[in-house]
There are 2 protein chains.
Amino acid sequence: MMPILHLDFGKRLPKLSIILWYKHPGECIGALDRTRECGEQGGMNKQKLIGQEPVSLATVAAQAGVSVATVSRIVNGETRRASAETVERVQKIVAALGYRPNHVGRTLRRRESRVVAMLSPNLDNPAMAAIAASVETALRSAGYVMILCDTHDRADLQDEYLHVMRSQVVQGYIVVNPVRSEALSASVSRGDPIVFVGRRNPDGGGAFVGIDNRRAGRDAADHLWARGIEEFGVIYPTQGSSATRDRVGGFITRLEELGLSDEAVRQAEAPGLSHLEVGYAAAQRLVNGHSWPQGLFCPSDLMAYGAYRLALETKVRIPEDCRVVGVDDNKLNAWIAPWLTSVHIPYADFGAKVLDQLQSLWAGEYPSEQLLPHTLIVR
Amino acid sequence: MMPILHLDFGKRLPKLSIILWYKHPGECIGALDRTRECGEQGGMNKQKLIGQEPVSLATVAAQAGVSVATVSRIVNGETRRASAETVERVQKIVAALGYRPNHVGRTLRRRESRVVAMLSPNLDNPAMAAIAASVETALRSAGYVMILCDTHDRADLQDEYLHVMRSQVVQGYIVVNPVRSEALSASVSRGDPIVFVGRRNPDGGGAFVGIDNRRAGRDAADHLWARGIEEFGVIYPTQGSSATRDRVGGFITRLEELGLSDEAVRQAEAPGLSHLEVGYAAAQRLVNGHSWPQGLFCPSDLMAYGAYRLALETKVRIPEDCRVVGVDDNKLNAWIAPWLTSVHIPYADFGAKVLDQLQSLWAGEYPSEQLLPHTLIVR
DNA sequence: CTGAAAGCGCTTACAG
DNA sequence: CTGAAAGCGCTTACAG
């Protein structure tokens with residue numbers, strides 16, 4: 001499709017050599033603002049496709065017969081400071097050459113980018129993927145792009161990413177389910193714009209987007225209680241995050257308030273990072289030697305799935321023998337887990353809130369917490 | 001924790017003003033290589049945290065009493081070209097100041113970055129999230145970072161992102177399930193390094209990572225056939241991608257080869273982007289006025305989930321009344337969808353293959369296709 | 001209304 | 001072994 005131009009200069013052309021490619025006089029269809037060494041490619045001789053080299057401000061300026069300063073202003077919408085003819089001519093050439101500002105040059109000069117880093121543990125978790133999707137959409141609508149970093153819930157990876165992102169001159173950080181780490185504390189002390197999502201800042205303080213996890217646990221307790229259930233169970237991961245602890249804590253506290261004794265609320269935990277497996281293992285411990293409780297609270301849907309598998313294997317019927325309440329309300333529940341009541345977390349709304357928080361931080365406002373409303377979805 | 005220094009200069013300091021902060025003589029604990037205007041912050045007076053400003057090469061060089069060129073070389077591991085003492089002194093100061101190279105400056109100068117753009121439709125889809133997670137991990141291990149762009153399967157968004165990514169001077173593109181678009185064709189003609197995943201380049205050609213979709217469909221057919229099934233059904237989205245078409249095509253072709261007549265293989269389609277809803281709607285059309293087929297092939301697990309919901313609602317038992325085969329083998333199947341046989345796609349291995357492909361492209365090799373093995377997981 | 005010039009942080013031939 | 005200098009692409013006071 002594209003015509004191929006054979007170029008074979010012995011040396012680099014001097015700076016600012018500009019090659020323009022015309023279809024007809026007056027209709028420029030491509031430009032190189034410099035030639036560069038072209039390595040051998042697939043055994044062919046040195047060659048270059050027209051237009052392969054991005055067009056720079058200098059090319060546009062040369063074409064238009066104005067200075068780069070003028071082009072820069074016009075490209076940035078500062079059209080009042082140039083004559084109407086100049087503006088039009090430049091805009092025409094910008095369009096013809098398909099000029100797009102190089103954000104790297106701009107970032108270096110302005111000392112600010114339109115890039116935000118998002119650190120998330122295991123994207124594999126549908127809840128994390130939902131947050132990522134929502135944040136990405138919100139950022140795009142505000143003209144930002146997102147570098148996604150999967151920390152695998154590891155402090156060392158979180159630190160590495162924080163360092164690398166700083167090198168990339170990102171404009172802000174979104175840390176989903178942070179873990180305590182050196183670089184994170186340093187970043188916070190430095191006053192970097194950073195929004196915590198899901199779990200709070202392990203060192204306390206900072207901007208936060210999430211739900212009222214204690215309240216979510218209480219709501220789960222109330223729901224089961226209202227169903228007349230008398231024997232309760234709750235399972236959780238040994239290495240619980242603040243979010244998990246709050247959910248479980250709220251659940252148990254509420255049952256105590258309702259007058260339940262300790263033995264009416266059985267608890268079990270299991271180690272591990274995969275909530276699926278933790279749910280399975282913890283459920284095993286919970287029912288070890290006992291029957292299943294009438295009502296089981298799992299601080300995440302994935303844990304509920306883990307428990308469900310054990311129920312299947314042991315021929316316990318869910319929800320007939322044991323009502324299960326999860327948290328997250330995975331989108332798939334409505335389709336394939338009709339046995340699971342779950343606390344819906346409005347992940348789809350997280351993106352907008354996270355953006356709000358970032359913009360507040362950029363405006364120099366004091367960090368705040370944004371708690372979004374959750375809803376119990378009864379199935 | 002961090003000490004606060006009140007700075008109130010009437011004007012900017014001249015370039016290269018350097019403020020170093022010592023705890024004891026000889027032990028530098030922070031540095032500003034320039035002061036900048038500090039806006040009012042929360043009503044407090046102008047102030048700055050020590051170390052807030054990133055340390056530049058110039059700062060390190062000044063501290064070490066050498067040129068930036070020398071520091072640059074050492075930081076980049078070119079230690080043979082400096083005396084051992086110099087290297088040691090510089091490295092010590094780099095460590096003390098916590099210097100990290102600014103990748104923006106480096107990118108501008110080298111005209112290459114360590115950033116790769118990944119364009120994906122709906123991250124909401126667990127299969128897409130799995131690919132993103134896998135690619136992210138592979139890129140990180142090779143020292144790259146990933147900008148994630150959610151195109152929502154829309155050509156206009158895909159184009160916008162391709163343009164913005166070019167502005168960001170990304171080093172390569174990974175396009176999952178591409179759609180035909182202007183900027184994509186332009187990017188391909190330009191010779192940009194771009195790897196297609198899942199679906200092929202709509203214009204043909206290019207580097208590709210995926211599975212043999214026709215074969216996957218054939219395997220599904222063979223599985224159901226071997227179970228003695230005689231009435232088959234298949235559902236698919238009206239706006240099918242090449243991947244979907246190939247899966248369905250393989251399925252039907254194989255059944256024809258086995259001697260099945262057209263009426264023994266019922267087909268139904270439904271419009272939409274959400275495979276969950278497409279699956280539900282298409283299943284409705286499939287069984288409209290008929291009984292369910294004995295075996296149903298769905299070109300994605302999500303479509304199978306959609307069909308499952310209809311089965312639940314209409315009291316059809318899966319798999320007793322109808323065996324369902326999906327594609328993707330969602331991780332959750334093993335836990336909560338034990339009724340679903342599915343073609344497992346090794347998404348976890350995609351990342352490494354995608355990286356291979358990118359590196360080939362960077363090395364100037366001719367683009368190729370990488371087909372990964374799939375497996376039928378029978379449940 | 002427009003442009004020359006400095007500079008963002010870095011790299012890299014080139015000269016010594 | 002080391003440094004001065006040019007330059008990546010852009011922006012922005014400043015001067016005219």
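Computed from a predicted model, the values in this text were never measured in an experiment. A note on names: the letters A, B, ... follow the listed sequences, proteins ahead of strands, and every chain is numbered from 1.
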Check DNA chain C against residues 76-84 of chain B and give the residues with a non-hydrogen atom under 4.0 Å, in numerical order. B/N76, B/R81
Figure out the CZ/P separation between A/R166 and C/dC10, and round it to whole Å. 12 Å
Once you round it to whole Å, what is the distance between P of C/dC10 and CZ of B/R110? 11 Å
Round to the nearest Å and state the distance from A/R111 atom CZ to D/dT12 atom P. 13 Å
Categorize A/V104 for me: base, sugar-phosphate, or nothing, with a 4.0 angstrom heavy-atom threshold over every strand shown. nothing
Starting from Watson-Crick (N1-N3 plus N6-O4 or O6-N4) and G-U wobble pairs under 3.5 Å, report the runs of at least three that DNA chain D belongs to. C:1-3 with D:14-16, C:5-12 with D:5-12, C:14-16 with D:1-3
Length of the line joining A/Q168:CD and C/dC10:C1', which is rounded to integer Å: 14 Å
Choosing from C/dG9, C/dA4, D/dG3, which nucleotide comes nearest the side chain of A/A69? C/dA4
Which whole-number value in Å describes the distance from A/E112 CD to D/dC10 C1'? 13 Å
Figure out the CZ/P separation between B/R109 and D/dG9, and round it to whole Å. 10 Å
Does B/R73 make a side-chain donor-acceptor contact with the base of D/dG3, cut-off 3.5 Å? yes
Rounding to an integer number of angstrom, what distance separates D/dC1 and D/dA5 when you compare their P atoms? 24 Å
Say you pick atom C1' in D/dG16 and the same atom in D/dT12; how far apart are they, in whole Å? 16 Å
Atom CG of A/N102 to atom P of D/dC10: distance rounded to whole Å? 5 Å
Looking across every strand, which nucleic acid part, if any, lies under 4.0 Å from A/T107 by heavy atom: base, sugar-phosphate, or nothing? nothing
